[in-house]
Structure formats: structure tokens, C-alpha cells
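What follows is a set of notes on a single structure, which appears directly below.
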Amino acid sequence: MDENVSVSVSAPTSTITKTGARSLIALASAVAALGGLLFGYDTSVISGAMLFLRKDFQLSDVQLEFAVGIALAGALVGSALAGYSADRWGRRVTLLVTGFGFGVFAAASGLASELVTFVIARFFVGVCIGVSSLVTPLYLAEVSPASIRGALVSLNQLAITIGISAAYFVDYELAASQNWRWMFISAVLPAVVLVVGMVFLPESPRWLAQAGQRERALEGFRRLGRGAEGEAELRDVEQVLAREQHGFWMLLQPGFRMAVLVGIGLAVFQQITGINTIIYYSPEILRLSGYPSAKAAILSAAIIGAVNVMITIVSIILVDRAGRRVLLLVGTAGMGVALTLMGFLFHSHAAGSAVFYAMLGYIIFFSVGLGPVVWLLISEIYPTKVRGKAMSLATLMVWAANWVVAGTFLSLIHAAGTAGAFWIFAVICGLAFLFCLTVVPETKQRSLEDIERYWARFSKQRVL
Ligand code: BGC
């Protein structure tokens, strides 16, 4: 799709006017991004705790797999519920309750004295992960001015990668004392900060406008530094809201169907291009490539985690300048090349260190493109009134695809061989590249309402 054709791109409707407001936006973003940190930490912490759990609870393989995978099931449920809650009770209240849940259930999983209690607690931690994976980028997108929305929403992804690295670090530090309980309980601290922060931070003005609370919405825009432009921004939001209809079925209407399909495509491609085979299994992959020791493999995994954080920062710097599409295209192309190379290295029984460098290349390209940009796009491409529901659907697809890929990776290696498995992911990267090239629009520097009007053209032309 040509991003320049027949798109009414108006200038961003807002600029940041006051230092105080700028700090408020920074604070809102930092606190909300704690949701991302907890997402990253709580999905990864289990990898280091696994061995000790098995020993303490005397688990069979099947029980262990269940204990490990249960959070993912919770995340699926959480992402299904999150959109409703975010639309009904607001973004802020939803995040506040989620922060509370994160704290309570992290403590409960760390204190569990038997498998059943542990599994229940981890299921609810998973529900919180699912909710937060949706509401954090949603809230960030709605409070941000258009000019820096890409960077502020991508703080969520940065926080996810920091959470993953922090979990590797905590696991590594506590491994010697076999103290798996503190691995989980450590997550209580960021949860408390999230709750306290959300008590003081403003609700999303866009949600307030949609809920008919005009005065509070206007006040919200002012607090977020829109100054005199707050009124204009609110009118823009109201104008767009006035033309919309309610209901889940509107997701299927011609004007929105395209946006919904693009969001689902992005969500699925982020996962089926294989990211979590590397994030969850990198020590195992390195072991398969003949890596010298388990310790070296774990250390290499930690390096991969750190590179993931650093390159996400680069992406944040670039996203509002270079735009979303360039990052997606460069990212998917680079991931495809790295995976093809990994396939050849396994095929030719090359040294483990070569595999490690290819994996690093893969992570670099994921962190620049699909990692941050998918969460950003699914927070900004939908119309306000259905944003919660449509994001729920996309986030649900992220977790479903994650579950399928992570749950079948070892079987895929058995069936297709390690080289074959990576080549399959490489082909999928090629498809993801074509998908981004042809249907994903550029949203850089455009207000959410402007993006909303963009989809209307599909309704007139009956493209879908
Ligand atoms: C993905 C996660 C992944 C993480 C790695 C996120 O964008 O949704 O599945 O583990 O990036 O950094």
C-alpha cells in the first residue's frame, strides 16, 4: 500500500507546551511502563525457577510443563477480558487493579506450599500479564502527543525487555542459594510502584471523552500539556466519536475490518517468526549447537537479553523519525537473513559461537522492528470506540500464537530438524515482510483521529 496515496495527513494536533506537563507525560509513561516490566519479568522468571520447583514439589515432566505453561493460559484469558474492562471502567482503573493483582499473586506464587496453590497463583499472574500487555500500550498511546507517541508507547516494549533481563539476572543470582521463592516475590516491588503511581496519574482523556465526561477530558488534555490545543484535540476526538457505532460486530464492518485484519496479522507475525524460541530456549539451542557448557549457554542468553534492551532503545529513538514501516521492513528482512544463516550453520555443523552470533543478529532485527512496533501499531491503528475490543483481539492472537510456537518448538525440531525449523521461520519472515510492505500503513506523526479517518477509505471503496 502506498502510504502517500489519498491519505489525509493533517499536522499533529498537539505539541507539548509546559515543562510541568512534559514531566507528567514522562511520569505517566514511566509508571504505566511498569506494566511492561512486570509482563517481561513474570513471563521469564519461571525459566530459572523451573529446576528448583521440580525438586521441591517433586514434579513429573507433565506436571512441570503444566506449572510452566499455566501463566500463558492466564495471559490468554487476561487479554480476552482486558478490552472490556478498559472500555467499561477505564484504562487507569484497569491498570491499577492489575498492579494490585500482580503484587498479590506474585507473593502467593512465591509463598505457595503445594503445587495446586502455585498453579492457581501463576494462572492469575498470567491474567495480569494478559491485561497489562493490552492496557499499558493502550494507555500510553492515548495520553501521548502524536509527535512522540511512537517513542512513549515503545517504552512498554523497552520495559518488557528490561523485565526479561532482570528475571535472568535475579534467577542467576538466586540460583546458588536455590531460593526460587524470592525469584517470584521480587516482582511485588514494581507492582506496588505501579499501584501507587496509578492512584495519582490522570485517566486517558480520550476514554473520558468517550465516556461522556467532557470537562474531565478537557482537564486531562490540559494536564498533559496540550494547552489551548486541548479544546481542539477534544473536538477532534468528539467528531470522530460522533460518527461511530457501538458493538463488537462493528469490528467486522468494511471501514474497520481492514484495521482489524492488519492488527491480527501483525500480532500473529510477531510470534510465528519465532522470537520466543530464542527468548525461552536460547540455552537449549546453544546446547544443541555443541556449546561448551551450560554456564556458557546461560551467560550467552543473558547477553542476548541485554542486546534486546539496547536495540529497543535504538528503535525508540528512530520510530518517530524513520517511521513504523521502515523499521518493520528492515526488521523482518534482517530476521529472515539471520534465520536462514542459522539454518545453514546447523546444517553444516558449524561452531556454536557462530550460531550465537547469528542469534544475536536475529535479536537485533527483532528489537528494532517487530518487537516494539507491533505493540505500538496495535495501540494506535484502531478507532477509539473499539480500540479496547480490537486490541483485545490482537493481543489474544499474540498470546495464542506464542502458546502454539513455544509449545511446539521442540517437536518441530524433532520433525524438521534444527536447520529445517529455522528455515521454516525464515520463510515466515519473508511473508511478514510482504505483509508489512503491502498492507501496513504509516502512522508516524499522525493523530489517532487522523489514522481513524484513514481506514474510512476502505469502507467507501469496499476493498474488503
Ligand atoms: C513479545 C514477547 C517477547 C518479547 C521479547 C515482545 O514484544 O510480545 O513475546 O518475549 O517481545 O523482547
Side-chain angles (χ1 to χ4, degrees), residues 33 35-47 68-69 71-76 78-79 82 126 129-138 140 150 153-169 263-282 285 301-316 319 324 327-328 331-332 335 338 359-360 362-379 391-392 394-407 409 425 428 432:
L37 186 112
L38 287 158
F39 163 172
Y41 187 91
D42 279 320
T43 43
S44 313
V45 70
I46 190 89
S47 62
V68 169
L72 225 50
L76 256 168
S79 56
I129 295 173
V131 175
S132 138
S133 68
L134 183 148
V135 187
T136 303
L138 173 64
L140 292 178
V153 177
S154 300
L155 281 180
N156 173 53
Q157 173 69 14
L158 179 65
I160 294 174
T161 61
I162 293 176
I164 292 173
S165 289
Y168 284 156
F169 177 77
I264 291 177
L266 285 167
V268 172
F269 275 125
Q270 189 202 51
Q271 295 295 320
I272 64 173
T273 41
I275 179 59
N276 287 320
T277 64
I278 307 288
I279 295 289
Y280 302 163
Y281 294 101
S282 58
I285 296 172
I303 295 176
I304 289 174
V307 169
N308 194 9
V309 175
M310 282 175 330
I311 305 298
T312 304
I313 297 175
V314 175
S315 179
I316 289 179
V319 73
R324 287 58 161 156
L327 296 186
L328 281 177
T332 46
M335 284 164 69
M359 270 165 80
L360 266 191
Y362 173 86
I363 278 290
I364 287 174
F365 285 105
F366 174 83
S367 327
V368 107
L370 278 181
V373 179
V374 166
W375 289 112
L376 169 60
L377 281 170
I378 64 176
S379 73
M391 259 191 97
S392 245
T395 311
L396 191 82
M397 297 309 286
V398 167
W399 290 108
N402 185 346
W403 179 66
V404 171
V405 175
F409 180 54
F425 288 128
I428 300 177

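The shown structure was predicted, so the numbers you read here are calculated from the model rather than taken from an experiment. Each ligand, and each atom within it, is numbered from 1 in the order the structure gives.
- The closest side-chain heavy-atom distance from Trp399 to Ile129 is below 4.5 Å.
- Taking 4.5 Å as the limit, every side-chain heavy atom of Ser315 sits out of range of all side-chain heavy atoms of Gln157.
- Distances between N or O atoms of Tyr280 and those of ligand 1 include no value under 3.5 Å.
- The shortest distance between side-chain heavy atoms of Asn276 and Phe409 does not fall below 4.5 Å.
- Here the protein heavy atom with the shortest distance to atom 11 (O) of ligand 1 is Gln157 NE2, 3.1 Å.
- Residues Asn402 and Leu72 form a side-chain contact, since some pair of their non-hydrogen atoms from C-beta on lies under 4.5 Å apart.
- Closest protein heavy atom to atom 12 (O) of ligand 1: Asn308 ND2, 2.9 Å.
- For atom 9 (O) of ligand 1, the candidate residues are Asn276, Ile162, Ile279; the nearest heavy-atom contact is made by Asn276.
- Within the 4.5 Å cutoff, the side chain of Thr395 has heavy atoms near those of the Ile378 side chain.
- In this structure, the side chains of Ile363 and Ile279 come closer than 4.5 Å at one or more pairs of heavy atoms.
- Proximity of Thr312 to ligand 1, defined as any heavy-atom pair under 4.0 Å, is not found for any part of the residue.
- Looking only at protein heavy atoms, the nearest one to atom 8 (O) of ligand 1 is Gln270 OE1, 2.9 Å.
- Nearest residue to atom 5 (C) of ligand 1 from Thr161, Ile164, Val398 is Ile164 (criterion: closest heavy atom).
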